[in-house]
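Structure record follows, encoded as C-alpha cells.
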Amino acid sequence: MLRFTLLWLLVFFLSLVSSSARPAPFAMRISCGARQNVRTAPTYALWYKDFGYTGGIPANATTPSFITPPLKTLRYFPLSEGPENCYGINRVPKGHYTLRIFFGLIKQPDFDNEPLFEISVEGTLIHSLKSGWTSHDDQVFAEALVFLLDGTVSICFHSTGHGDPAIISIEILQVDDKAYYSGPEWGKGVILKTTSRLTCGTSKPRFDEDYSGDHWGGDRYWEPIRTFGQNAAEPRSTENSIKQASDAPNFYPEALYQSAVVSTDSQPDLAYTIDVDPNKNYSIWLHFAEIDALVTDAGQRVFDVLLNGDTIFKEIDILKLSGDRYTALVLNTTVAVSGRTLTITLHPKEGHRAIINAIEIFQVIAAESKTSSAEVRALQALKRSLGLPNRFAWNGDPCVPKEHPWSGADCQFDKSGSKWFIDGLDLANQGLKGFLPDDISKLIHLQSLNLSGNTIHGVIPPSLGTITSLELLDLSYNFLNGSIPESLGNLTALRRLNLNGNSLSGRVPGALGGRLLNGASFNFTDNAGLCGIPGLPTCGPHLSAGAKVGIAFGVSLSFLLLVICSVCYWKRRQNILRAQQIAARGAPYAKARTQFSHDIQMSRHHNHGHTRTAAENGPSLLS
C-alpha cells in the first residue's frame with residue numbers, strides 16, 4: 001500500500017512539473033525543391049518537403065558554405081516566372097519569429113553562379129544580396145526577427161536582372177514575444193534584420209543547437225572571431241559554468257560566454273568595424289562575462305564603449321554590474337549611422353584591459369503597412385478570371401515593398417487607416433482573356449481602369465457601377481457583349497468612358513447620354529447593336545426586361561405547341577395510310593366470299609318450292 005501511494009505521488013508530481021513547463025516553440029523548416037520530408041545530421045532536424053510556393057522550378061543544389069543546411073535540392077525562379085515570386089505559409093501561430101532563408105547555387109554549368117536578388121517579408125524589404133556573397137559564410141543567408149499576427153507569413157524574392165533567385169531552405173522559428181526588447185521604439189511595427197552576430201575568442205562557428213541552447217532562442221548562428229587583428233586581441237576561455245546566461249527572454253546559450261577576446265598592451269583599445277548600409281538605425285547588443293582569472297574584484301577592469309567615436313556606455317565594470325564572476329551581462333543600445341561603417345570600440349579606463357564575449361548587430365527596419373485585404377482579394381479574383389500570365393508576377397502584396405509593386409497597379413497610402421489601396425489599374429494591350437468578375441467592385445478606391453485592347457468576353461458586370469470614384473473607364477476593343485448596365489449611370493465622377501470596338505447592344509443608359517452635355521468624353525462606336533444617343537441608330541420601342549422575358553417565353557411556348565401539333569398530325573396521317581394499305585390487301589378475298597354467300601342464298605331460294613318432308617318421301621332404304 002505504501003509503495004502504491006509513493007508511486008501515485010511521484011506520478012502526480014511529474015504531471016505538475018510537465019503541466020507547468022513551457023511548451024516547445026513553433027518551428028517550421030522547409031527544404032525547397034524537396035519532394036519528401038528529410039532529416040539532417042547532427043541534430044536530425046526535420047525539414048518539410050517543399051510547399052507554399054507561387055512558382056519556380058525545383059533543381060539540384062550546390063551549397064555555397066559549410067554552414068548551409070546539408071540539403072540536396074533548391075527552388076529557383078527564372079524571370080519567365082515573373083520578377084516577383086513568393087512563399088505563402090499558412091497556419092502559423094500568432095507570435096514573434098526568427099525567419100531565416102538560405103540561398104543556393106543551381107547545380108548546372110549553364111546557370112549564373114552568383115545570382116543577386118532582394119528579399120521581403122510581409123511586404124517589407126529586408127535584404128539585398130551583394131556581389132561576392134558566396135565567399136562569406138555570414139552572407140549565405142538572410143535572417144530577421146518579425147511579429148506574425150494574422151496566421152500567415154509571406155516571404156518574397158524579387159529579381160534584379162542579375163541571375164535567377166535560388167533558395168535552399170526557409171526556417172520559421174518562434175522566439176519569446178519579448179525577445180530583443182530594446183526600448184519604446186521596439187514593437188510589432190519593427191523588424192530586426194540580422195547584420196552580424198559574433199562569438200569572440202573561438203574559431204568554431206556555432207548554431208544555438210550546437211551549443212545545446214534553448215529552443216526558444218531561435219537557433220541563432222554565431223560567426224567566430226578569434227582576434228580583432230594582428231596583436232590587437234588575445235583569446236580567453238573557461239569551462240566554468242556561466243550564470244544568468246540562458247534566461248528569458250533571449251535564452252542565450254551558456255557556452256557563448258565561455259570564450260572572449262581581451263585587448264593587448266600594444267593596442268589597449270579593442271575595436272571591431274563592420275560595413276553597414278548608410279542612414280539606418282542599428283540595435284547593438286554587447287555580451288560580457290568576467291572569465292579572466294586575473295580579475296577577481298570590482299574595479300579591476302573598467303572601460304568605456306564607443307560607437308563610431310561617440311561614448312555610449314561609460315565606465316563599464318562587468319563584476320560590479322553583473323554581481324559576480326562567470327555571470328552574463330548584456331548591454332543594448334540603438335544608434336543612427338550615417339556612414340557606411342560601424343566601429344565598436346572598448347577603451348580601458350582603469351585596471352586590466354577590455355574584454356568582450358559576443359556581439360550582435362541588427363538593422364532596425366520599420367515594417368511596411370500592407371494593402372487592404374479586401375482589395376488584395378479583388379485583384380486575385382481578377383487575376384484568376386483574366387488568366388494573367390506568370391510574367392505579371394502578381395504575388396505577395398500589390399503595393400509593398402514600394403520598390404516592387406505589382407505590374408499595372410497604382411497605389412496610394414491611406415494615413416487614417418494605415419493601409420495601402422489601389423487607385424489605378426492599367427492592363428491595356430496585354431493579351432488578356434477571360435471575363436470581368438463581380439469582385440472587381442471591391443476595388444472601391446479605383447479612379448482609373450484601363451483594360452482596352454485585350455480579348456475579354458462576357459458582359460460588363462453591373463457591380464462596376466458601385467465604384468463611384470471612377471473617373472476613367474476604358475474597356476474598348478474587347479469582345480464584350482450584352483447591354484450597358486444602367487448602374488454605370490451612377491458613376492457621377494466619370495469623365496471618360498470608352499466602350500467602342502465591342503459587341504454591345506441595346507439602349508445606352510439615359511444617365512450616360514445626358515452626361516455628354518456636361519463635357520464628358522464617351523465613345524460607343526463600333527458596337528452594331530447600340531442605340532439611343534446622337535451618333536448611334538434610333539432605338540425601337542423600348543421594352544423592359546420583364547417584357548422581353550415574357551415575349552421570349554411566349555415565342556418558346558408557341559414553338560413548342562407547333563411542334564406537338566405537327567407530331568400529332570403526322571401520327572394520325574400515318575395511321576390512316578396504314579389502314580388503307582390493309583384494306584387494299586384484303587379486297588380480292590372479300591369479293592370472292594361475298595359471291596359465294598350470294599350463290600348459296602340463291603340456291604336456297606330456288607329449291608324452296610320442291611322441298612318435302614321425310615314422311616312424304618317415304619322411308620329411306622339403306623343397303
* Taking C-beta and beyond as the side chain, do Leu451 and Asp474 meet within less than 4.5 Å on heavy atoms? -> no
* Asked: Is it the case that His404 and Glu118 place a side-chain donor and acceptor less than 3.5 Å from each other?
  -> yes
* **Asp219 versus Arg29, closest heavy-atom pair with distance** => OD2-NH2, 3.7 Å
* Just wondering, do Phe524 and Asn500 contact through their side chains at under 4.5 Å, heavy atoms? -> no
* SB check Arg495 Glu471 (cutoff 4.0 Å) -> no
* Whether Trp394 side chain and Ser407 backbone form a donor-acceptor pair below 3.5 Å -> yes
* Structure fact -> Residues passing the salt bridge (charged side-chain N to carboxylate O under 4.0 Å, His left out) test with Asp277, sequence neighbours excluded, are Lys130
* Pairs in or reaching into residues 55-77: which pass salt bridge (charged side-chain N to carboxylate O under 4.0 Å, His left out), with residues at least two apart or in two chains? -> Asp50-Arg75
* To do: With rounding to the nearest 0.5 Å, note down the distance linking CD1 in Ile361 to CD1 in Ile284.
  => 5.0 Å
* What's the shortest heavy-atom distance between Pro25 and Gln174, and which atoms? -> CB-O, 3.6 Å
* Asked: Is Lys280 atom NZ crowded by more than 12 heavy atoms from other residues, nucleotides or ligands, each under 6.0 Å away?
  -> no
* To do: Determine whether Asp439 and Leu382 make a side-chain contact, defined as any pair of heavy atoms from C-beta on separated by less than 4.5 Å.
  => no
* Asked: Taking it one step at a time, do His96 and Lys178 satisfy side chain to side chain contact (heavy atoms under 4.5 Å, CB included)?
  -> CA-CA 8 Å; His96 196 196; Lys178 294 292 185 180; over 6 Å; no
* Answer yes if the side chains of His215 and Glu209 hold a donor-acceptor pair under 3.5 Å, and no otherwise. => yes
* side chain to side chain contact (heavy atoms under 4.5 Å, CB included) evaluation trace for Cys411 with Ile422 -> CA-CA 5 Å; Cys411 301; Ile422 310 299; 3.9 Å; yes
* Please work out which of the three classes, parallel, tilted or perpendicular, describes the rings of Phe157 and Tyr87, given edges at 30° and 60°. => perpendicular
* Asked: If you take all heavy atoms of Ala166 and Leu74, which pair is closest and at what distance?
  -> CB-CD2, 4.2 Å
Going by atom type alone, with no hydrogens or angles, which donor-acceptor pairs under 3.5 Å involve a side-chain atom of residues 138-146 and a protein atom two or more places apart or on another chain?
{"unit_1": "Glu143", "atom_1": "OE1", "unit_2": "Arg100", "atom_2": "NH1", "d": "2.9"}
{"unit_1": "Glu143", "atom_1": "OE2", "unit_2": "Thr194", "atom_2": "OG1", "d": "2.8"}
{"unit_1": "Glu143", "atom_1": "OE2", "unit_2": "Arg197", "atom_2": "NH1", "d": "2.7"}

Enumerate donor-acceptor pairs with a distance under 3.5 Å from any side-chain N or O in residues 57-68 to protein atoms, sequence neighbours excluded.
{"unit_1": "Ser65", "atom_1": "OG", "unit_2": "Ile67", "atom_2": "N", "d": "3.2"}
{"unit_1": "Ser65", "atom_1": "OG", "unit_2": "Asp137", "atom_2": "OD1", "d": "2.8"}
{"unit_1": "Thr68", "atom_1": "OG1", "unit_2": "Ser65", "atom_2": "O", "d": "3.3"}

* Structure fact -> Sorted by chain and number, sequence neighbours left out, side-chain contact (heavy atoms from CB on, under 4.5 Å) with Pro278 holds for Arg340
* To do: Please assess Val400 against Thr124 for the test side chain to side chain contact (heavy atoms under 4.5 Å, CB included), listing each intermediate value before the final yes or no.
  => CA-CA 7 Å; Val400 291; Thr124 301; over 6 Å; no
* Residue pair Leu470 / Leu472: nearest heavy atoms and the distance that separates them -> CD2-O, 3.5 Å
* Asked: When rounded to the nearest 0.5 angstrom, what distance separates CG in Asn85 from SG in Cys156?
  -> 8.5 Å
* Side-chain (Asn281) to main-chain (Val364) donor-acceptor, under 3.5 angstrom -> no
* Asked: Side chains of Asp423 and Leu446: does their closest heavy-atom pair fall under 4.5 Å?
  -> no
* Is a salt bridge present between Lys370 and Asp150, judged by a nitrogen-to-oxygen distance below 4.0 Å? -> yes
* Check the side chains of Ser182 and Asn332 for a donor-acceptor pair under 3.5 angstrom, ignoring hydrogens and angles. => no
* Asked: Does atom CZ of Phe51 have more than 12 heavy-atom neighbours, drawn from other residues, nucleotides or ligands, at distances under 6.0 Å?
  -> yes
* Asked: Would you say the side chain of Asn250 lies within less than 4.5 Å of the side chain of Asp176, judging by non-hydrogen atoms?
  -> no
* To do: Might you confirm whether atom CZ of Phe413 has over 12 heavy atoms from other residues, nucleotides or ligands at distances under 6.0 Å?
  => yes
* Residue among Phe77, Phe103, Trp133 satisfying ring pair (Phe, Tyr, Trp, His ring centres under 6.0 Å) with Phe117 -> Phe103
* To do: Measure the shortest side-chain to side-chain distance between Tyr272 and Ser196 over non-hydrogen atoms and say whether it is less than 4.5 angstrom.
  => yes
* To do: Just do the salt bridge (Lys or Arg N to Asp or Glu O under 4.0 Å) check on Asp414 and Lys419 with the steps written out, would you?
  => CA-CA 5 Å; Asp414 178 13; Lys419 292 284 185 182; over 6 Å; no
* To do: Look at the side chain of Thr54 and the backbone N and O of Cys86, then say whether any donor-acceptor pair between them is shorter than 3.5 Å.
  => yes
* Donor-acceptor pair, side chain of Asn90 and main chain of Val92, under 3.5 angstrom -> no
* Test of ring centre spacing under 6.0 Å for Trp285 and Tyr180 -> yes
* To do: For residues Leu425 and Leu379, determine if any side-chain heavy atom of one lies less than 4.5 Å from a side-chain heavy atom of the other.
  => yes
* To do: Using ring pair (Phe, Tyr, Trp, His ring centres under 6.0 Å) as the criterion, list what pairs up with Trp47, not counting sequence neighbours.
  => none
* Do the rings of Phe421 and His445 sit parallel, tilted or perpendicular, given the 30° and 60° boundaries? -> parallel
* Structure fact -> To the nearest 0.5 Å, atom OG1 of Thr371 lies from atom CG of Asp397 at 3.5 Å
* Asked: Does a donor on one side chain and an acceptor on the other come within less than 3.5 Å for Glu114 and Thr134?
  -> yes
* To do: Side-chain contact test, heavy atoms from C-beta onward, threshold under 4.5 Å: evaluate it for Trp222 versus Tyr252 and give yes or no.
  => yes
* Asked: Step by step, would you call Ser31 with Thr73 a side chain to side chain contact (heavy atoms under 4.5 Å, CB included)?
  -> CA-CA 7 Å; Ser31 176; Thr73 60; 3.9 Å; yes
* His158-Ser120 side chain donor-acceptor pair, cut-off 3.5 Å -> yes
